[in-house]
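Numbered from 1 within each chain, the chains take letters A, B, ... in sequence-line order.
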Number of protein chains: 2
Amino acid sequence: MIGARVRGLREEKGISLSALARLAGVGKATLSGLENGVRNPTLETLYAITAQLGVPLTAVLAEPAATPTVHGAAVHATLLEVFTDTDATYELYRMRVRPGTGQLSPAHQPGVTEHVTVFSGVLRAGPADAPSTAPAGGYLRWVSDVPHSYAAVGDEEVDASLLLRYPRR
Amino acid sequence: MIGARVRGLREEKGISLSALARLAGVGKATLSGLENGVRNPTLETLYAITAQLGVPLTAVLAEPAATPTVHGAAVHATLLEVFTDTDATYELYRMRVRPGTGQLSPAHQPGVTEHVTVFSGVLRAGPADAPSTAPAGGYLRWVSDVPHSYAAVGDEEVDASLLLRYPRR
DNA sequence: AACCATCGTTCCGTAAACGGAACGGCTTAC
DNA sequence: GTAAGCCGTTCCGTTTACGGAACGATGGTT
């Protein structure tokens, strides 16, 4: 299970077991046993290996439900960070919008605003009765205390960052 | 270091070393050695312990330098995510700008653009010879193939997200 | 075909992580 | 006062993860 992830990462890098063991300064027997789940590695060993793979230890320990995600008909969003300051709370999401269907979201509390920066694709989003369009690199922003919509324009998936701002009530 | 985090979590729960060792089914010598950093635990051992503490393994592994950060005279930025699509690579940063001094950054490659959404404070940033100003909730964007500057306006720290877009060359 | 390099696994002696027991220190009970 | 209980550390014999070497398998070269 963790062995499989190590093996996956190693093969993704196109590097042999022998070579990785040499780079990491561990025995081939150690790495082989680890990848096959026969051994129960120490942290030191695992760290030496993940370091050479260029990933943090956590990448191979990957707790499944680590970061909350929001799914919808067309939108998939992953919460990257929550930030609170004196007069508002912010949630920063990584957002993907599938082409084809759009998605309508209900109104938030009064004063909540959304800020979207489009990475790729073309996004049409905003208040349901007056959405705007933004291409890759574009920026949209609206007050989301009314129902609002998201849709990918064309047949390309849209990647974007979404910032939700909740004013302190 | 990881021992300190385990000890911290255990004391936070108000549970004794002996009791935690008993619950986790590991020897007291093992837990004692782990907390004091004289042993190099196996994953199995560490997992048994963190499970009883009610935290994921990752909580005690917290890589200090897991996510690269960029320090400067006034700017502190943490890389949240890197995203590559067919014609550009994006880096999304969480950025903080200290009040007082500003900071000048050298030019990037041609075509690189920066997109900033301000969370709190007032930011003055952009090409060194023509910066713009944005309050909380505001958005700035410029082509950063010339030297550019960042500065907090007033005496409040600026919190923002910074998106760097590197076109495929 | 014979050779050579490298692959991943297996064998083996050593080093160290393991659990249990013994220890000294401290508090509470009788 | 001393016995009992729990604390965290240290001692010790057992178990096992460790690295190095040997192994058979595979692919490329002469």
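- In this structure B:Gln52 satisfies the side-chain hydrogen bond (donor to acceptor under 3.5 Å, both in side chains) test with no other residue, sequence neighbours excluded.
- A:Val143 belongs to no multi-residue hydrophobic cluster, having no ILVMFWY side-chain contact under 4.5 Å with any other such residue.
- The side chain to side chain contact (heavy atoms under 4.5 Å, CB included) test applied to A:Ala21 returns A:Val26, A:Lys28, A:Leu31, not counting sequence neighbours.
- Ring-plane geometry between A:Tyr139 and B:Tyr139 is classed as parallel, the angle between the planes falling under 30 degrees on a 0 to 90 degree scale with a further cut at 60.
- In this structure, B:Arg10 contributes its side chain and B:Ile15 its backbone to a donor-acceptor pair below 3.5 Å.
- Residues meeting the side chain to side chain contact (heavy atoms under 4.5 Å, CB included) test with A:Val146, sequence neighbours left out: A:Pro127.
- Of all the residues in residues 35-45 of chain A, A:Arg39, A:Asn40, A:Pro41, A:Thr42, A:Thr45 reach under 4.0 Å from DNA chain D with at least one non-hydrogen atom.
- Looking at residues two or more places apart in sequence or on another chain, you find a side-chain hydrogen bond (donor to acceptor under 3.5 Å, both in side chains) between B:Thr133 and B:Arg124.
- With rounding to whole Å, A:Ile2 atom CD1 is found 13 Å from D:dA17 atom P.
- The side chain to side chain contact (heavy atoms under 4.5 Å, CB included) search around B:Ala134 returns B:Val118, B:Leu140, not counting sequence neighbours.
- When the side chain to side chain contact (heavy atoms under 4.5 Å, CB included) test is applied to B:Glu44, the partners found at least two apart in sequence or on another chain are A:Asn40, B:Thr42.
- Of the residues in residues 21-34 of chain B, those lying under 4.0 Å from DNA chain C by heavy-atom distance are B:Gly25, B:Val26, B:Gly27, B:Ala29, B:Thr30.
- Using a 4.5 Å heavy-atom threshold, the side chains of A:Leu61 and B:Leu43 count as touching.
- Between chain B and DNA chain C, the heavy-atom contact criterion of under 4.0 Å yields a 5' to 3' nucleotide range of C:dA17 to C:dG20.
- Five base pairs at each end of the helix from C:dA1-D:dT30 to C:dC30-D:dG1 define two local axes, and these are offset by 10° (rounded to 10°).
- Formation of a donor-acceptor pair under 3.5 Å by the A:Ser144 side chain with backbone atoms of A:Val112 is found in this model.
- Not one side-chain nitrogen or oxygen of B:Ser18 sits closer than 4.0 Å to the OP1 or OP2 atom of D:dC6.
- Rounding to whole angstrom units, CG of residue B:Leu20 and P of D:dC6 are separated by 17 Å.
- Through direct or relayed side-chain contacts under 4.5 Å between Ile, Leu, Val, Met, Phe, Trp and Tyr, A:Val122 connects to A:Val153.
- Looking only at side-chain heavy atoms (C-beta outward), A:Leu9 and A:Thr50 stay at 4.5 Å or farther from each other.
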